[in-house]
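Worksheet for the structure shown next.
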Amino acid sequence: IFIDLVSDGDIAAITSPSEPLVVEPTDVFPVVAQSLSNANLTLFIDNAIVAEAFDTTIVEYEVNVADYGTGTHQIKLEAVFTETTIYDSTIFTIISDPEILPVPNGIKEGINVNPDQLNSATFNLFAPGKQHIYLLGDFNNWQVNADYLLNNDPSGDFHWIEITDLDPEFEYGFQYFILEDNLRFADPYSQKILDPWNDQWIPEETYPNLKPYPVGQTTGIVGTFMTDQPVFDWTDEGYVRPDENNLIVYELLIRDYLDAHDYQTLTDTLDYLESLGINAIELMPVNEFEGNVSWGYNPDYYFAPDKYYGPKQDYQSFINECHERGIAVIMDIALNHSFGLSPQVMMYFDPS
């Protein structure tokens with residue numbers, strides 16, 4: 001049985017390295033480009049010709065990293081066929097030490113957006129003992145790029161970077177990448193994450209228009225952010241908390257309490273809950289946990305409402321409606337149950 005994996009035609013590509021590289025200043029590595037049929041092949045690094053081969057199907061070059069300065073460099077292939085010209089490219093980034101710069105005044109941990117500068121955002125990660133941390137995302141094609149190496153605060157505890165030229169109305173995906181540990185994860189303060197394993201099982205009616213995971217571009221949990229995200233219109237200004245000594249609490253797990261397992265349907269049941277005489281609703285953990293069907297006591301991201309129960313705006317609407325009825329909302333959390341995909345666990349868990 002024969003299966004054609006490649007059709008006839010003018011096809012050419014860089015075959016090695018097969019993905020963007022991160023290299024040491026003393027490394028040496030091969031570059032190989034191939035074409036399906038004979039062509040004139042030219043390899044460039046930073047737009048300078050480094051190798052040529054004519055009327056052939058392969059061109060090779062050995063990169064001595066010491067010949068290039070620290071930072072990110074482009075490898076490009078030009079393949080000239082009889083009637084067409086094809087280009088392919090990749091990058092390699094030479095490791096350099098991060099800048100030692102103090103975290104700017106007013107910058108908190110997590111994702112910081114200045115309402116007067118919606119085309120930029122500052123990321124600040126608490127990661128003592130780590131050194132080379134890169135920011136990856138939709139804004140740099142998910143590639144390790146020297147321009148996105150986080151600065152180190154003089155304390156060594158915080159790592160931060162400001163990125164600009166953002167579209168305020170676009171929802172960006174992003175991750176941190178710790179080079180030494182080969183770890184990829186979202187910011188611990190992310191208010192929304194994308195899960196490559198479990199999001200596919202969340203129905204469209206539960207979470208409409210969920211941003212797709214960047215399949216083939218990265219791995220692991222991805223965070224999202226939007227510098228001009230919608231602001232919820234709270235109408236519960238008159239809410240007064242019930243006396244904590246006289247609480248009548250109804251505790252529930254959204255997954256089991258409702259077939260639809262979403263905040264909107266839970267809001268629609270408030271007439272019934274109120275008729276029971278309760279003045280507080282305690283939700284079993286609704287922050288992001290691992291998997292979809294869970295009690296929630298295996299959390300990973302504490303500031304992101306789990307999408308299996310619906311969008312954050314629906315959660316806010318539920319709280320707002322409870323407050324308008326004088327009902328408190330109590331959130332059950334389990335800080336000492338952080339599971340394996342939690343950023344803090346990934347960075348510091350000692351299995352011994």
Taking everything shown except W201 itself, do over 12 heavy atoms lie less than 6.0 Å from its CH2?
-> no
Does the gap between the ring centers of Y315 and Y309 come in under 6.0 Å?
-> no
Does R255 pair with D306 as a salt bridge, N-O distance under 4.0 Å?
-> no
Main-chain N/O of L341 paired to D300 side chain as donor or acceptor, under 3.5 Å = no
Using the rule that two of Ile, Leu, Val, Met, Phe, Trp, Tyr join whenever any of their side-chain heavy atoms come within less than 4.5 Å, decide whether V50 and L41 are in one cluster.
-> yes
Using atom types as modelled, flag every donor-acceptor pair under 3.5 Å from a side chain in residues 320-336 to any protein atom, sequence neighbours excluded.
| residue | atom | partner | partner atom | Å |
| --- | --- | --- | --- | --- |
| N320 | OD1 | T235 | N | 2.9 |
| N320 | OD1 | D236 | N | 3.4 |
| N320 | ND2 | T235 | OG1 | 2.8 |
| E321 | OE2 | R325 | NE | 2.9 |
| E321 | OE2 | R325 | NH2 | 3.3 |
| H323 | ND1 | D236 | OD2 | 2.8 |
| E324 | OE2 | T235 | OG1 | 2.5 |
| R325 | NH1 | D271 | OD1 | 2.9 |
| R325 | NH1 | E274 | OE1 | 2.6 |
| R325 | NH2 | D271 | OD1 | 2.9 |
| D332 | OD2 | Y297 | OH | 2.4 |

Please check if the side chain of D262 supplies one atom and the backbone of T206 the other of a donor-acceptor pair under 3.5 Å.
-> no
Checking D88 side chain against I14 main chain: does a donor-acceptor pair fall under 3.5 Å?
-> yes
Can you hop from V22 to I91 via hydrophobic side chains spaced under 4.5 Å?
-> no
Out of curiosity, T269 OG1 to I281 CD1, how far, rounded to the nearest 0.5 Å?
-> 7.0 Å
Taken in chain and number order and not counting sequence neighbours, the residues that satisfy side chain to side chain donor-acceptor pair (under 3.5 Å) with N105 are none
Below 4.5 Å, heavy atoms only, C-beta onward: do D187 and Y176 meet side chain to side chain?
-> yes
Kindly say whether the aromatic ring centers of F303 and Y301 come within a distance under 6.0 Å.
-> no
Between V222 and W142, is any pair of side-chain heavy atoms under 4.5 Å apart?
-> yes
Begin with the C-alpha distance, continue with both residues' side-chain angles, and end with the deciding distance and a verdict on side chain to side chain contact (heavy atoms under 4.5 Å, CB included) for D153 and L101.
-> CA-CA 5 Å; D153 183 78; L101 294 172; over 6 Å; no
Check: S317 side chain, Q313 main-chain N or O, donor-acceptor pair, under 3.5 Å = no
Can you get from L150 to Y148 by hopping between Ile, Leu, Val, Met, Phe, Trp and Tyr side chains that sit under 4.5 Å apart?
-> yes
Identify, with sequence neighbours excluded, every residue that meets salt bridge (Lys or Arg N to Asp or Glu O under 4.0 Å) alongside E171.
-> K192
Evaluate side chain to side chain contact (heavy atoms under 4.5 Å, CB included) for D199 paired with Y213, printing each intermediate quantity in order.
-> CA-CA 8 Å; D199 285 359; Y213 186 88; 5.7 Å; no
Would you kindly check if the NZ (Lys) or CZ (Arg) of K130 is within the cone defined by 45 degrees around the ring axis of Y348 and under 6.0 Å from the six-membered ring centre?
-> yes
Please lay out, stage by stage, how I163 and N140 fare under the test side chain to side chain contact (heavy atoms under 4.5 Å, CB included).
-> CA-CA 10 Å; I163 60 173; N140 61 7; over 6 Å; no
Of all residues at least two apart in sequence or in a different chain, which pass the ring pair (Phe, Tyr, Trp, His ring centres under 6.0 Å) check with F349?
-> none
CD on Q217 to CG on D138, rounded to 0.5 Å | 7.0 Å
Measure the spacing between CD1 of I278 and CD1 of I248 and express it to the nearest 0.5 Å.
-> 8.5 Å
Look at atom CD of E204 and say whether more than 12 heavy atoms of other residues, nucleotides or ligands are closer to it than 6.0 Å.
-> yes
Should the ring pair F123 and F139 be called parallel, tilted or perpendicular, given that the plane angle runs from 0 to 90° and is split at 30 and 60?
-> tilted
Evaluate side chain to side chain contact (heavy atoms under 4.5 Å, CB included) for V65 paired with T26, printing each intermediate quantity in order.
-> CA-CA 6 Å; V65 176; T26 56; over 6 Å; no
Atom CD1 in I319, atom OG1 in T267: separation rounded to 0.5 Å?
-> 9.5 Å
Are I193 and V215 linked, directly or through other ILVMFWY residues, by side chains that come within less than 4.5 angstrom of each other?
-> no
Quick one: which residue pairs count as a ring-ring contact (aromatic ring centres under 6.0 Å, His included) with a foot in residues 33-80, not counting sequence neighbours?
-> Y68-H73, Y68-F92, H73-F92
Do Y207 and F289 sit in the same hydrophobic cluster, where Ile, Leu, Val, Met, Phe, Trp and Tyr count as joined when their side-chain heavy atoms come under 4.5 Å apart?
-> yes
For N145 and Y134, does a side-chain donor sit closer than 3.5 Å to a side-chain acceptor?
-> no
Does S338 have any side-chain contact (heavy atoms from CB on, under 4.5 Å) partners at least two apart in sequence or in another chain, and if so, which?
-> Y302, S342, V345
Taken to the nearest 0.5 Å, the spacing of M284 CE from D256 CG works out to 8.0 Å
Please indicate whether W295 has more than 12 foreign heavy atoms, meaning atoms of other residues, nucleotides or ligands, lying under 6.0 Å from its CH2.
-> no
Side-chain heavy-atom pair Q131, H159 within 4.5 angstrom cut-off = no
Answer whether the closest heavy-atom distance between the side chains of I107 and F158 falls below 4.5 Å.
-> no
To the nearest 0.5 Å, atom CZ of R184 lies from atom CD1 of I178 at 12.0 Å
Looking only at atom types and distance, does a side-chain atom of T93 sit under 3.5 Å from a main-chain N or O of V144, one as donor and one as acceptor?
-> yes
